[in-house]
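By convention in this document, chain letters (A, B, ...) are assigned in the order of the sequence lines, proteins followed by strands, and residues within each chain are numbered from 1.
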2 protein chains.
Amino acid sequence: MRKWLTKHKSTILYTISLAILLFVLRWLELRFLVINNAFEIYAGGIAILFTALGIWLALKLSTPKVNTVVVEKEVFLPRPPEFTVNEKELEKTGLSGRELEVLQLMAEGLSNQEIAAKLYVSLSTIKTHSSKVLEKMDVRRRTQAIDKAKKLNIIP
Amino acid sequence: MRKWLTKHKSTILYTISLAILLFVLRWLELRFLVINNAFEIYAGGIAILFTALGIWLALKLSTPKVNTVVVEKEVFLPRPPEFTVNEKELEKTGLSGRELEVLQLMAEGLSNQEIAAKLYVSLSTIKTHSSKVLEKMDVRRRTQAIDKAKKLNIIP
DNA sequence: CTCAGAATCAGCCTAAAGTATGAGGGAAAA
DNA sequence: TTTTCCCTCATACTTTAGGCTGATTCTGAG
């Protein structure tokens, strides 16, 4: 019942307004009936009144148009930009697991000798790996490889 | 003149509508005048008609209600270029302008020879600078210097 | 099973990087 | 003015990096 009331509020309002105005008209009629020539004025009055009512109804009850504007807000990643490996670029290079490992240690500033010691293999092995890394990454120096790998998000 | 027309378009339209409707009323009057009791029906008709006109006017000529809703969409940017030199750490190292310049080029993967060419100086000069850089940064390899400098925010 | 790729190692050679020492010129501070 | 950096260049030497060739072992895909 409540729902029905709110749902048809505008209709009820309009009906009541109409009824009241008709009543007023009836009363006015008694006053202006004597003046026959005032009929057009009377009709015009009604017209203006109800025009105003219509405008009021339209403005009051029309649902406002919602305009959604999507604003792109640039968000920079916080200080330590959580590093996630760019798998696509990593695959493109064709680096093997061991080669990537060597590349990472290179980036930390270790010499081939130190890398060899850390991975418990010979210097020759690391030289082979590092050569492969340079070849696969299409560079000529380890510093270039490091720079490129960082730019491609292959290493942190 | 043209401007005046467009500016008062709504007023003119309303006036014309009113005039036409009053004329119609006048005509209707001749038909319904015989029926005295039909006066309320007649008034109600006018009321409904002009209500409709009012609604139409309001909807057609009023600036539509627009509720602008701003939705912020977060766009994440990889590797923000917002780099600011850590002046404190830079001073601690005691690096001179030229030495810092060489360090930056080192980090881009350039060889001493290439750096020399780029700065229009001899290889010897760059070797001297690079040695000074390694000494002042307390490292033994350029890769270490690069890694350390990046971690200290001395270079991007 | 065979073949390809990955990982391991070695030797040899060149290129680049790094160390040490010295030295001249310029600019700014003491 | 003298001192102190900074930038420049050179020569000689050692170490590290990188290129090239070739070899062995192992594993997974075809």
Would you kindly give the CE-to-C1' distance between A:M137 and D:dG19, to the nearest whole Å?
-> 19 Å
Side-chain N,O (A:S124) to OP1/OP2 (C:dC9) below 4.0 Å | no
Touch class at under 4.0 angstrom, heavy-atom based, for B:S96 against every strand present = sugar-phosphate
State whether A:S131 places a side-chain N or O below 4.0 Å from either non-bridging phosphate oxygen (OP1 or OP2) of D:dG19.
-> yes
Can you tell me how far P of D:dG19 sits from CZ of A:R140, to the nearest Å?
-> 9 Å
Does A:R98 make a side-chain N or O approach to OP1 or OP2 of C:dA6 shorter than 4.0 Å?
-> no
Start with the C-alpha distance between A:E101 and A:L119, add both sets of side-chain angles, then the distance that settles side-chain contact (heavy atoms from CB on, under 4.5 Å), and finish with yes or no.
-> CA-CA 9 Å; A:E101 209 172 341; A:L119 299 182; 3.5 Å; yes
Between the main-chain N or O of B:G94 and the side-chain N or O of B:K136, is there a donor-acceptor pair closer than 3.5 Å?
-> yes
Using a heavy-atom cut-off of under 4.0 Å over every strand shown, decide if A:L123 touches base, sugar-phosphate, or nothing.
-> nothing
With no hydrogens and no angle check, is any side-chain donor or acceptor of A:S130 less than 3.5 Å from a backbone partner on A:K127?
-> yes
Check whether any side-chain N or O of A:R142 sits under 4.0 Å from OP1 or OP2 of D:dG18, and answer yes or no.
-> yes
Tell me: CD of B:Q113 to C1' of C:dT14, nearest whole Å?
-> 15 Å
To the nearest Å, how far apart are A:Y120 OH and C:dA7 C1'?
-> 18 Å
By nearest-heavy-atom nucleotide on DNA chain D, the more 5' of B:R141 and B:E99 is B:E99
Is the phosphate of D:dT8, meaning OP1 or OP2, less than 4.0 Å from a side-chain N or O of B:H129?
-> yes
How close or far is atom P of D:dA17 from atom CD of A:E135, stated in whole angstroms?
-> 19 Å
Donor-acceptor pair between B:T125 and B:S122 side chains, under 3.5 angstrom = yes
Whole-Å distance between D:dG18 C1' and A:K136 NZ?
-> 17 Å
Length of the line joining A:M106:CE and D:dT16:P, which is rounded to integer Å = 15 Å
Reckon A:N112 has a side-chain N or O less than 4.0 Å from the OP1 or OP2 of D:dT16?
-> no
Taking for each residue the nucleotide of DNA chain D with the nearest heavy atom, is it B:T128 or B:T143 whose nucleotide lies nearer the 5' end?
-> B:T128
Atom NZ of B:K127 and atom C1' of D:dT15: how far apart are they, to the nearest Å?
-> 11 Å
Is B:T125 near enough to D:dC9 that one of its side-chain N or O atoms lies under 4.0 angstrom from OP1 or OP2?
-> yes
Under a 4.0 Å N-O cut-off, is there an ion pair linking A:R140 with B:E114?
-> no
